[in-house]
Each structure stands twice: as C-alpha cells, then as structure tokens.
A.B. asks: 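Please see the structure below; I have some questions.
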Amino acid sequence: MSETTRHSYDVVVIGAGGAGLRAAIEARQQGKRTAVISKSLFGKAHTVMAEGGAAASLGNVNSDDRWQVHFRDTIRGGKFMNNPRMAELHAKESPQRILELEHWGALFDRTSDGRISQRNFGGHEYPRLAHVGDRTGLEMIRTLQQRVVQLQQADAAEFGDAEAMLRVFAETTVTELLLEGEPGAEGGRIAGAFGYIRETGDYVVFEAPAVVLATGGIGRSFKVTSNSWEYSGDGHALALRAGAALLNMEFVQFHPTGMVWPPSVKGILVTESVRGDGGVLRNSEGSRFMFDYVPDVFREHYAETEEEADGWYADPASNRRPPELLPRDEVSRAINNEVKQGRGSPHGGVFLDVSTRLPAEEIMRRLPSMHHQFKELADVDITAGPMEVGPTCHYVMGGVEVDADTGASSVPGLFAAGEVAGGMHGSNRLGGNSLSDLLVFGRRCGLGASAYLDELGEERPTPEAADIDRLSEEAAAPLGRETGENPYQLHQEIQQTMNDLVGIIRRGNEMEQALESLDKLRERVAAVRSEGGSVYNPGWHLALDLRNMLLVSETVARAALERQESRGGHTRDDYPAMSAEWRAVNLIVSLRDGRLQLRHQPIDAMREDLMELFEREELGKYLTEEELPPAPRSDG
Ligand code: FAD
C-alpha cells in the first residue's frame, strides 16, 4: 500500500533543467521557500545534453554584435512568428545571464585575450555561442547546481537546515497540478502538485500557491528523436488539464543532423557545431547540395559559390555565410529531399564531413564528444571520414502561452519557462537560443512567481481533498488491472503515428488519419495495464506518461492540420508556401470538458522601434499589407 507524504512550499518548480534551476534559484533569492522536483536523477535533464552553446551577443569575437542583431536573427529564424517582447527580452538579457553564470563559476572556453569565446551557429550573423567544447550544457547544469548548493550552505548556517529554503526532490514525477476551484473556471487557481516517488512508489502532495513548469519538451512522442525518456510532454499536458492554453503546437523542430546508423542509436544528435566549425554536407554524388536550397527570403545573406562560403570562415566581412548554416528547418527539408530523390547515403541520410576541413587534433579539441559518440556507437572516426546524418525530432517551439515579462500563464499561480513555454522562438528556434532562453526566462519566472506570492500576502489556496484521493486511485489503476495492453506497445504506436503522419513533411489527409489513430489509442491507453508493483517500475511510469504523450500528440496534429501554410517547423506538402495571413494568427489550444478546443488569436504586433531593425523590403516578404509600416514618401 503506497503512503502519501505532504509538503508545503511557497513555490514549487517542476523540472530541474536549466529553466527550472534558474527559476528556483531566483525564487529562493527572493526569500521564498522553494522546492525543485525532477522526474530523473538530479543533474540529468536535457540541458545537460546540450552541446553547441548558449547564444548571447557579448560581441567578444565580433565586436559588431549587439542585442539588436541577435533580436533580428531570432525573428528571421522564427520566420516572424516569435512573440516580439520575448525575443527582445531574450536578446537584451542573455549577455547578463551568461556573465552571471561565469560569476557563479562556469568555465567557458576562452578567446586568446581571455574573454568568453563564441562560435558560429546556423542563422546567427556573428559568432555568438558561448561554449565549453561540445559539452556546454554540462557546465551550465554543474554551475547552477553549485549555486543551489551554495544557497543551501548559506541556509544551513542561518537556519541550521540546508533544505530550509530550497529543497530538491529527485526521481519524483508530478502527474497532476492541484487547484482550488475548477480548471478553466472563474476563480480557479493553483494550489499545488501531486505525484509519486519513483524509488518507492509512494505518493506525494506539494501544497503551494505558485507552480513553475520547467519540464522541457515532447520529443518522446516521435520515433526518431534526439530527446531522452523524460520528454513526454508532461508540462504541456499538466498545463492543459489545469485550464491553461498552449500556443502554436504545430511548430516542431526536426534537427537536420541526427545519427542514422546503427538503428539502435538512430536520432541521437550530431551537434550543429560540426557545421559551425566548418563541416560540409554532401549527397551520394559528392555534391555540396545546400547551395541548391537557399530560399529567396535568405538569398542575399548566403554565399553562392563554395569559394565564397569557404572564405567566410576566415573573412566574414568580405564573404557571405555558407548555406550549411541556414536555419535548421531549411537544412532538414533539404536533406529530406536529397534522400527522397535517391541521392542519400547508404543508411538513408547524407554525408557530413569535417575531416577534410580541420586537422584531426583541432577536431578532437573542438568536438570531443562527437568524436567519442561516433567511435563508440558507429565505429566511425570523424577525423578521418564523413558521418552519415539525417533529420531527428529535437525541440518543440509551441508551448504554454505565457506573459513575456513574468512567465505567468492564464491560470493564476501557474508559470512556465524553458522549452515547455511557447512564443519565444516563433516557428523555428535558432541553435543556441534555448540555453540562453532558459536563463533569461527561468529567472523571470522565479521573479514572477515571487511577485505573485507577495500580492497574495498570507492567504493560501487549498487543494481539494477529494482530488487527492481521486489522483491516487487514477495513478494506481494500471497496476490493479487484470487485463489491458502493454504500455511499451502503446508507446510505439503513438511514436510511429506521429513519425509517419505528423512528421517533417505533412499532408492534410495523413494528419486526419493520425487524429483517427490517436482517438482509437485513447481508449486503449485508458485501459493500459502494467505488470509488477509500484516500487521502481518503469513500465508503470510509462503507463502514466502515455496519457500526456497522447494529449500532446493530439494538440500537435490538430494545430498542424489547421495551419494551412508552410513555415519553420511546420511543412505542408499540400500548402507549400508561407502565407502572410496565416503569419498573423496564433493557434491556441485549450481543454474544456475533456475535449481539445482550438481557436485563432491575432499575433502580438511588433513595436515600431523593433520593426525599424528590418528593411521594409524584408518585412514585405512576411507581413500583410495592413501590418507593414507606411512606405517612405518619395519627393520626386
Ligand atoms: P530540461 O533541461 O529537459 O529539464 C526538464 C526537467 O523536467 C528535467 O529535470 C525532468 O526530469 C523534469 N520533468 C519532466 N517532466 C516532469 C514531471 N512530470 N515531474 C517532475 N519532473 C519532470 N539548446 C541550445 O541552446 N544549445 C545547444 O547546444 C543545445 N544542444 C542540445 C543537444 C541535445 C542532445 C538536445 C536534446 C537538446 C539540445 N538543445 C540545445 C536544446 C536544449 O538543451 C533544451 O531545449 C533545454 O535544455 C531545455 O531545458 P529545460 O530546462 O526547458 O528542460
């Protein structure tokens, strides 16, 4: 029989990746009693897997860089669908957040004059990614954890208890948010969170007026993905069931370069730094095919010949960028097409070669993890020959609709930061912009939650007791069933459906088919059975995650079917062009009486001073006539 323990905090942060830790640190620094919960071991989050770096316009390698250029690149990368206020805050505040991380002990790679080194990445005009070899996320998490410990040591000295103000609950999974009042109803607000402890199977109730979602993405709903097991879209689903809205869930990023061979490692990421550091893409005919795929909107910024592209690495002022460094959506589609046209590599990808571009020792210095990964997993030496790569589901741009400044969702007391939040990256995220997003908006969420508490004063919402009993019963249900399907089988079917029917290239009839399949799967998932008991039982854990994966998959498929254009991480075979009318629309999904509802909402307009960062001609490629600023008057 499982026990239920209860805790009470001011702020509960769900997720201990970059966004969660930065939010928790801020809430604690604001004097709030804070809990951080992570489904995996403390320190194991996607943030730790990040390789290339964190984008911030420090201007250390090219002094022309500044926040306005970073803002412009981010908006171009997102194809003008980004929340402009988020993109502005991100571009302005990223340098401070990186320097703060350094102040807390992060050891970034250095320029020859001792400043934080910055590397090139797709879609960034200047070298902008602060990095630590190809293990940047590891250093980021190490530093944030060290900051947590530092704060706990201060609390030990002050209160005689290191966990008095900030406590980590590792291997604890939240299955539902607790509310006072009804989800989506007037007066409904956050009262805490409910979950289970993986090691013991016991239940746990966190009472808290403010909850920050920092649970990351949804990649585990797709068969080929760079994401690990904890990305089952829990935060997205928790937010929906609590009455919050999700924004633009159709935008899913397929990273162009995942491993394609051997099958057991298909999807594992090959960092964009390989291309940033000079790696080139070739098809089976030896052609550097990316030159054939530069879209009109980007043509003036990218090289037309190999000579110019190669010249850019040494002399970026006189040459344009290589097309391998186009935003990810463009490169993924190009690879997909090359393979489809029969010009792929033996295992269904294309070739990515850095061995002919850099000396072996330089590759080992700059890309040690990639060297290790290919040697160990595929028996390929990347200093001596090319890698085989192909697109892999990597990141979700859609997420919880939040206020840009505070991270607040539409449900009082519920906040979201990091990959689970939507808006910042528009229809396509630039590489490196996630790590800086986590720091900027993690901090802002910590501040937002603290300000919410200050407004509440002494008053505290109480979770409904009946809800807690119901949630324990629901969680235990898969263990008590005599019949029912195996959760691993159901998971595979969700992944296959999303991969085949709502993947990198989408068609209306296929997405309708996907929605039918997901609908049928819902009944089967509701009756899932897991063998064994509640003590450290991954089958049971997966059975509980399936409900979230299914709900999130449905939001992606519904929104993708609705958006009749191609833009960023949403490519439709039946609507191949971008449409200015669709750009002006955010797709908002919410859950009412157990059913998903989808509505159109006008996109936030960009302020005039931000609009002035772009030429009118460029704006004309994206915006409707009504949105365009007035044309300058000619006196002639
Ligand atoms: P995560 O870091 O994933 O943290 C999520 C946390 O939530 C985890 O602690 C998890 O256990 C917890 N959690 C989830 N569900 C629950 C639940 N129900 N209950 C309790 N806890 C829960 N971005 C860049 O900017 N630069 C890069 O170089 C880069 N490289 C990448 C390389 C790889 C291989 C991958 C996969 C991603 C990369 N990204 C990169 C993207 C970036 O790493 C992620 O977008 C980012 O780390 C997400 O951070 P987060 O804090 O939102 O979530």
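Order of appearance sets the numbers: ligands from 1, and atoms from 1 within every ligand.
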A.B. asks: With distance as the sole test, does N499 use its side chain to make a donor-acceptor pair with the main-chain N or O of V224 at under 3.5 Å?
C.D. replies: yes
A.B. asks: Would you say ligand 1 has an N or O under 3.5 Å from any N or O of N227?
C.D. replies: no
A.B. asks: Can you find an N or O of F121 that's nearer than 3.5 Å to an N or O of ligand 1?
C.D. replies: no
A.B. asks: If hydrogens are left out, which of E230, E419, M49, H394 has an atom nearest to atom 38 (C) of ligand 1, that is, the closest non-hydrogen atom?
C.D. replies: H394
A.B. asks: Does the side chain of S332 come within less than 4.5 Å of H255's, by heavy atoms?
C.D. replies: no
A.B. asks: Evaluating non-hydrogen atoms only, which member of K39, R119, Q253, R22 is closest to atom 16 (C) of ligand 1?
C.D. replies: K39
A.B. asks: Which atoms of ligand 1 have any heavy atom of G418 under 4.0 Å away?
C.D. replies: 52 (O)
A.B. asks: What atoms of ligand 1 come within less than 4.0 Å of a heavy atom belonging to Y395?
C.D. replies: 45 (O)
A.B. asks: Would N433 count as a contact residue for ligand 1, given that I'm defining contact as a non-hydrogen atom of the residue lying under 4.0 Å from a ligand atom?
C.D. replies: yes
A.B. asks: Think R429 forms a cation-pi with Y395, using NZ or CZ under 6.0 Å from the six-ring centre and within 45 degrees of its axis?
C.D. replies: yes
A.B. asks: I need the contact type for S273 against ligand 1. Using non-hydrogen atoms and a strict under-4.0 Å cut-off, is it side chain, backbone, both or neither?
C.D. replies: neither
A.B. asks: Taking non-hydrogen atoms only, is E272 closer than 4.0 angstrom to ligand 1 via side chain, backbone, both or neither?
C.D. replies: neither
A.B. asks: Under 3.5 Å, side chain of S409 to main-chain N/O of L414, donor-acceptor pair present?
C.D. replies: yes
A.B. asks: Side-chain contact test, heavy atoms from C-beta onward, threshold under 4.5 Å: evaluate it for H131 versus E51 and give yes or no.
C.D. replies: no
A.B. asks: Taking 4.0 Å as the limit for heavy-atom contacts, which would you say applies to R429 with ligand 1: side chain only, backbone only, both, or neither?
C.D. replies: side chain
A.B. asks: Between E473 and R470, is there a side-chain N and carboxylate O pair less than 4.0 Å apart?
C.D. replies: no
A.B. asks: Could you work out, for atom 20 (C) of ligand 1, the closest of L213, L430, T172 by heavy-atom distance?
C.D. replies: T172
A.B. asks: Thinking salt bridges, do D277 and R119 make one under a 4.0 Å N-O criterion?
C.D. replies: yes
A.B. asks: Please confirm whether D234 comes within less than 3.5 Å of ligand 1 when only nitrogen or oxygen atoms on both sides are compared.
C.D. replies: yes
A.B. asks: Quick one: look up the protein heavy atom nearest atom 42 (C) of ligand 1 and list residue, atom name and how far away it is.
C.D. replies: S434 OG, 3.6 Å
A.B. asks: Using a 3.5 Å cut-off on N or O atoms only, is G53 in polar contact with ligand 1?
C.D. replies: yes
A.B. asks: Where on T47 is there a heavy atom closer than 4.0 Å to ligand 1, on the side chain, on the backbone, on both, or on neither?
C.D. replies: both
A.B. asks: Examine the proximity of ligand 1 to L269 and report which part, side chain or backbone, both or neither, has a heavy atom under 4.0 Å away.
C.D. replies: side chain
A.B. asks: Is any side-chain heavy atom of I197 closer than 4.5 Å to a side-chain heavy atom of E171?
C.D. replies: no
A.B. asks: Consider ligand 1: state whether an atom of it lies below 4.0 angstrom from any non-hydrogen atom of G432.
C.D. replies: yes
A.B. asks: With a 4.0 Å cut-off on heavy atoms, does F42 reach ligand 1?
C.D. replies: no
A.B. asks: Would you find a donor on one side and an acceptor on the other, under 3.5 Å apart, between the side chain of R135 and the backbone of A50?
C.D. replies: no
A.B. asks: Backbone N or O of V396 within a donor-acceptor pair of the E419 side chain at under 3.5 Å?
C.D. replies: yes
A.B. asks: Could you check atom 9 (O) of ligand 1 against the protein and tell me its nearest heavy-atom contact, residue, atom and distance included?
C.D. replies: A16 N, 3.0 Å
A.B. asks: In terms of residue, atom name and distance, what is the protein heavy atom nearest to atom 19 (N) of ligand 1?
C.D. replies: V174 N, 2.9 Å
A.B. asks: Under a 4.0 Å N-O cut-off, is there an ion pair linking D545 with K39?
C.D. replies: yes
A.B. asks: Is there side-chain contact between E3 and Y203, with heavy atoms separated by less than 4.5 Å?
C.D. replies: no
A.B. asks: Indicate the ring-plane relationship of F169 and Y9, choosing parallel, tilted or perpendicular according to the 30° and 60° boundaries.
C.D. replies: perpendicular
A.B. asks: Decide if the gap between the ring center of H90 and the ring center of F71 is smaller than 6.0 angstrom.
C.D. replies: no
A.B. asks: By number and element, which atoms of ligand 1 are closer than 4.0 Å to a non-hydrogen atom of A45?
C.D. replies: 1 (P), 2 (O), 4 (O), 8 (C), 9 (O)
A.B. asks: Is G431 close enough to touch ligand 1? Criterion: a residue heavy atom under 4.0 Å from a ligand atom.
C.D. replies: no
A.B. asks: How close does the nearest protein non-hydrogen atom get to atom 7 (O) of ligand 1, and which residue and atom is it?
C.D. replies: G15 CA, 3.1 Å
A.B. asks: What atoms of ligand 1 come within less than 4.0 Å of a heavy atom belonging to I14?
C.D. replies: 19 (N), 20 (C), 21 (N)
A.B. asks: For ligand 1, note which part of T173 has a heavy atom under 4.0 Å away: side chain, backbone, both or neither.
C.D. replies: both
A.B. asks: Can you sort out which atoms of ligand 1 are near S226, meaning under 4.0 Å from one of its heavy atoms?
C.D. replies: 36 (C)
A.B. asks: For atom 51 (O) of ligand 1, what is the nearest protein heavy atom, given as residue, atom name and distance?
C.D. replies: A19 N, 3.0 Å
A.B. asks: Would F254 and H394 count as a close aromatic pair, with their ring centres under 6.0 Å?
C.D. replies: no
A.B. asks: If we only count N/O pairs under 3.5 Å, is L438 in contact with ligand 1?
C.D. replies: no
A.B. asks: What protein heavy atom sits nearest atom 40 (C) of ligand 1, and how far away is it?
C.D. replies: A50 CB, 3.8 Å
A.B. asks: Taking the side chain from N60 and the backbone from S117, do they hold a donor-acceptor pair closer than 3.5 Å?
C.D. replies: no
A.B. asks: Identify the protein heavy atom lying closest to atom 25 (O) of ligand 1, giving its residue, its atom name and the separation to 0.1 Å.
C.D. replies: L435 N, 2.8 Å
A.B. asks: Does some side-chain heavy atom of L544 sit less than 4.5 Å from a side-chain heavy atom of T173?
C.D. replies: no
A.B. asks: Any non-hydrogen atom of A54 lying under 4.0 Å from ligand 1?
C.D. replies: no
A.B. asks: Which residue owns the protein heavy atom closest to atom 28 (O) of ligand 1, what's the atom, and how far is it?
C.D. replies: G52 N, 2.7 Å
A.B. asks: Under 4.0 Å between a side-chain nitrogen and a carboxylate oxygen: does that hold for D73 and R128?
C.D. replies: yes
